[in-house]
Amino acid sequence: MNVIFNSPSAYIYLLIPAAIAVMILKPRERFFTLRLLIYFLLFFVLLSPYIKLAERDKTIPEIAIYIDNSLSMGISDRINNAMRTAEDIFSILKSRANLKFYKFSNQIKEVDRENLKNIIPDGDSTDMVNIIRDTGHHGKIIISDGRYNKGFNPLAVNEINSVPIYTTGPGGGSRAVDLAITELKAPEFGFRNEKIEIDFKVLVKGRLPGESRVDLKENNNLIASRKIEPGGQSGGQPAEKKEIPVKFSFIPTRAELKNYTLEIKALSEEINKANNRRNFRIHINRRKIRILYVSGRPSWEYSLLRRLLKSDWQIDLVTFLILRNPDNIAIVPENQLSLIHFPAREMFTEKIYDFDLLIYENFSYKRFFPKSYLEHIKKFVNGGGAFLMIGGKESFAGGGYIDTPIEDILPVKMTKFSSESSSESPPEKESKRQAGWENESFKVQIKKDIRHPVLDIAGDPKISQKIWDEMPELFGYDKSLEAKPGTAVILAGPKSDGTGRVPILTLAESGRGRTAALNTQSTWRWCMGLAGEGKTPYYYNQFWYKLIRYLIQSAELKKIQVFPETLNVNAGQTAKINIKAVDRYWEPVKDAKLDAEVLFSSEKISSENTSSDNKSSVRVPSGPVTYTGEGGWYSVSVPVNEVGAYKVTVNGSYRGQDLGRGKAEFSGVRLNKEYMDTTLNRDLLEKIARQSG
Amino acid sequence: MVFKKLISAAIAVFFILFFMTFLKAETVISSDISDAEFVYAQLSCNGSWDPYPEAHKLISYYLSATTSIDMFPERKVLTLSDKELFYYPFLVFTGRGSYPDFSDTQIQNLRRYLRGGGILFLETAGDPEFTESAERTLGRVFPSKIFPSKIFPDKNSDRIPGQQFKKIPDDYAIFRSFYLIDYVSGRTLKYPYLTGIEVESKIAVIRSDNDLIGVWPQDRAGNPGYSLMPDKPGQRREAVKLTLNILIYSLSGTYKSDDVHQPFIKQKLKR
């Protein structure tokens, strides 16, 4: 409290002793007293002195102690060191200050001293700005590794705060070394057989001797590797912190959703090995459908189907046509023939995996390559490829495919006729090959729901049924074929002896791929027959269009297609799912009724098996499906709260027409910055303390 | 000297007999027309349409003996009114002299046939009257053919004046479908090229004016039935090769135009 004597009334009080002196003192003493009063008066008038009486503040200061509990504090026992530091501060200041404890990461929360030991490093980000701005204490002590990764730079806000800040690290980390993958730039989509580039940086903190290695794995298979020297080139001076840019490029050979992993070989000195690894996914698409078509002889089936496939801009067709067999004679020298060597070994042991669909038409492998090559075809199919065998006397049993790997993947059972003898003449051999062959005209019969994507050639079940009923007759089939259990006979024909039906088109799945057995070599008759009726070959074209897309598992056959906007969504965020809906004419529709179901599983999505296994899945509530306003595009939002696999299924209908369902998957991930750079940021802590005074 | 000639003749006879035996033993020929992959179908009309009734036999034989094609030895004669027409996608049309116009329905059938994927091999043999009739027929089939062409070079000089036909490029698949053709041949050598009409990105009408079919007939002794003009060396061989190439082209399309074949073919053409 201050008392000030600078009021004018104070001078009145000075006149009182002056009057007393005039009345009672002797003249000499009176003048002395009056002179003295004049001096006082001049002193007060000129200098206006005052007395200030201040009351001392007897309350003790309040000091806040902030303990960093972000994830990076879980490294190298930092959190426990921080606890011990807090306890030490408490024991020193407890008698002189009121201490309050807080934990902070992305938010600040007060904790009791008794509960300090219960603090766990679980904050997924570090925001130091709110601590700097906090003015409710007389002093602040921050115990942190200084790795802020959220909000403003704390140094930018420190200048406006006058409360002193003391900082200290958790200890044990000033010389920590670490390698981390940062600034990863990888596309979410790519094309098969086209180069994909991945850029990232290896962050090197601390002085690391020697060399390490970065590996790129595709579905756990190493596809690229690069040596790095964290300590710099030999002879150079290693830096305290540096970034090494790295680029990988590779060419994916199969169209599928692939998991990739980047991993730096960890060094023993590293304080954090978690940031040495990054996972990401790339959806590899086809730019074109690649088909390898092998025909054992020139035929009308080959001629017309080749013409159709060649005219489809989405198809990249490679064909091999056997124009001459070893038992054919030559009437001119070899150099007058346009024939080339059939590169069977190259095609069926190496190149086959570059294709989406392999077609064998009336082709017997026996003359051209050993049975062991067929194992590659089985492997190709089980790995996701497609295989179609088109009939003919040298297909199926007539081509020698019984007891081969092809028998395992074909959807039909073949009947073996008496084995050929080398002493038999070609006509005799031919006769045996033809034992199951029936030269009869027949109309195909629909054996499955007309809505099957291969059968619905008009996009409308009723119209498709009518078209199938009117399709021209086919000719010739192998009567000995039988569909295997568990396969789908799509088209059938009546047996000439009236004993039942023979499968004409049978479909099956084998591993991750699909196979088909077309038990006739005469679909060209649909094309020519329709022309003879004055119709276009449109439905012949549609049949093949749909069969090929079905076999290669093309999303084109789906009227509802689902596309996650991003394949990796950070936990805590919302995923946006885009949906495309088209009607039976493949026209985009805006009034479709779409229902989205999202199932979550904590298991990682595996490219090895994308079939839905919902046993351990839980349903995730999603937002409503809304139309975006153009092009048949809809969207739905899905909250992503957990790390794991999210499977989205959208069922739809349009004006009473079932549009089927579309499916897609994405991952909930935790792309945490806390692990990107985990070394102690001593420089920042020092500057915060210095700036606060 | 006489002895040497006798020895040479004996060796020649031996090889001919051996060849014929070999041919008969290994050639697989369908006994049922419906069983064969390829049938030589010939178009008839109300005119002289069959100058070489036996030619197809040797063509079938050669095709079966030298290629993997399973060909029926007999021909199938069809009219443009036959419903079966559309199950024989390769049709030979030749003749002498003019013939009465086909009906509108028949013309429509031929148009449908060619657009559906069928191929017509037109052999005029340079006969002016037959040529005029055939051109009139094709003119009715494609009265205003203005489809964009992918095969023919876009040069006016390559177009036959007043007709739908254009010269077939030398590197087109017909000239490489099995044999490499040195030059366009036939019983005559009047025209050093083939002409054609492109339908649906494929040459669907192939026209020869050099009497290709005329090189095939033989007498009972196996000698050529008709002499060549001018009997240039290799003329018959090239005609045989070209005939078979046309048949193989109908079954294989532009197979030999695929990229995979080009390096090999170019290498062989340097011979």
Side-chain angles (χ1 to χ4, degrees), chain A residues 295-304 306-308 310-311 317-325 327-341 343 362 392-393 425-427 429-430 434 437 439-441 472 475-476 521 524-525 527-537, chain B residues 19 22-23 25-29 32 34-35 37-38 62 64-70 83 85-90 108-109 112-119 175-182 200-202 237 240-241 245 248 250-256 258-261 263-265 268 271:
Chain A
S295 179
R297 296 180 182 198
S299 67
W300 299 121
E301 187 76 350
Y302 172 85
S303 179
L304 272 73
R306 175 194 159 83
R307 186 177 67 152
L308 174 65
K310 277 282 183 184
S311 67
L317 180 68
V318 175
T319 68
F320 286 96
L321 176 58
I322 308 304
L323 290 170
R324 193 176 69 157
N325 288 315
D327 49 355
N328 291 125
I329 59 168
I331 58 170
V332 294
E334 191 70 22
N335 64 359
Q336 290 189 33
L337 297 170
S338 65
L339 308 179
I340 65 168
H341 168 67
N362 199 26
K393 294 164 197 164
S425 66
K429 290 178 184 176
E430 185 72 9
Q434 294 177 23
W437 194 256
N439 283 322
E440 292 289 335
S441 297
F475 183 85
Q521 204 185 351
W524 64 270
R525 285 183 168 232
C527 182
M528 289 292 291
L530 287 168
E533 295 168 9
K535 298 171 183 171
T536 70
Chain B
F19 173 77
F22 184 72
L23 208 61
E26 294 297 329
T27 301
V28 176
I29 298 175
D32 181 355
S34 60
D35 192 26
E37 284 160 353
F38 192 90
Y62 261 70
S64 297
T66 58
T67 74
S68 59
I69 297 169
D70 177 14
K83 287 185 178 177
L85 176 71
F86 291 87
Y87 296 133
Y88 296 89
F90 180 78
Q108 186 185 54
N109 278 347
R112 289 174 176 177
Y113 177 87
L114 295 172
R115 285 189 171 166
I119 288 177
F175 300 109
R176 299 168 174 193
S177 60
F178 192 82
Y179 298 104
L180 297 174
I181 304 299
D182 288 340
E200 309 286 345
S201 302
K202 155 174 128 174
R237 182 196 65 217
V240 167
K241 284 163 59 182
N245 266 22
I248 293 166
S250 71
L251 286 165
S252 62
T254 55
Y255 171 59
K256 284 295 173 183
D258 285 356
D259 290 343
V260 67
H261 299 278
F264 299 93
I265 290 175
K268 286 188 173 182
R271 67 187 189 274

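First the proteins, then the strands, lettered A, B, ... as listed; each starts at 1. Side-chain atoms are counted along with the backbone in the values below, which use heavy atoms only and exclude waters and symmetry mates. Keep in mind the model is a prediction, meaning the values are calculated, not measured.
Interatomic distance, B/Asp258 CG to A/Thr319 OG1, rounded to the nearest 0.5 Å: 4.5 Å. Note that CD of A/Gln336 is 5.5 Å distant from CG of B/Asp182, once rounded to the nearest 0.5 Å. Rounding to the nearest 0.5 angstrom, the gap separating the CD1 atom in A/Ile322 from the OG atom in B/Ser252 is 12.5 Å. Here the straight-line distance linking atom CG of A/Leu339 with atom NZ of B/Lys256 works out to 5.0 Å at 0.5 Å rounding.
The two residues B/Pro89 and A/Trp524 come nearest to each other via the heavy atoms CG-CZ3, 3.4 Å. Annotation for A/Val332 and B/Lys241: closest pair CG1-CD, 4.0 Å, computed over non-hydrogen atoms. In terms of heavy atoms, A/Ala531 sits closest to B/Gly116 at CB-CA, 3.5 Å. A/Pro298 and B/Ser68 make their closest contact through CD-OG, 3.3 Å (heavy atoms, listed as atom of the first residue, atom of the second, distance).
Heavy-atom distances place the backbone of A/Glu533, and not its side chain, under 4.5 Å from chain B. Proximity to chain B involves both the backbone and the side chain of A/Leu323, based on heavy atoms less than 4.5 angstrom apart. Using a 4.5 Å cut-off between heavy atoms, B/Ser177 contacts chain A through its backbone alone, with no side-chain atom that close.
In this structure, the side chains of A/Leu337 and B/Leu180 stay at 4.5 Å or more apart for every pair of heavy atoms.
Ranked by heavy-atom pairs under 4.5 Å with chain B, the list A/Asn362, A/Leu530, A/Leu321, A/Leu304 is led by A/Leu321. Ranked by heavy-atom pairs under 4.5 Å with chain B, the first of A/Glu301, A/Lys310, A/His341 is A/Lys310. Each of A/Pro472, A/Ser441, A/Gly534 has some count of heavy-atom pairs under 4.5 Å with chain B, and the biggest count is that of A/Gly534.
A/Trp300 and B/Phe90 have their aromatic ring centers separated by at least 6.0 angstrom.
For A/Arg307, there are no salt bridge (Lys or Arg N to Asp or Glu O under 4.0 Å) partners at least two apart in sequence or on another chain.
In this structure, A/Arg525 forms no cation-pi arrangement with B/Phe86, as its terminal cationic atom is not both closer than 6.0 Å to the ring centre and no more than 45° off the ring axis.
In this structure, a donor-acceptor pair under 3.5 Å is present between the side chains of A/Arg306 and B/Thr254.
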- Give the C-alpha distance, both sets of side-chain angles, the deciding distance and a yes or no for side-chain contact (heavy atoms from CB on, under 4.5 Å) between B/Thr66 and A/Ile331. CA-CA 7 Å; B/Thr66 58; A/Ile331 58 170; 3.9 Å; yes
- Task: Show your working on side-chain contact (heavy atoms from CB on, under 4.5 Å) between A/Lys393 and B/Asp70 and close with a plain yes or no.
- Result: CA-CA 11 Å; A/Lys393 294 164 197 164; B/Asp70 177 14; 4.0 Å; yes
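A/Ser338 places a side-chain N or O within 3.5 Å of a backbone atom of B/Phe178 that can act as its donor or acceptor partner.
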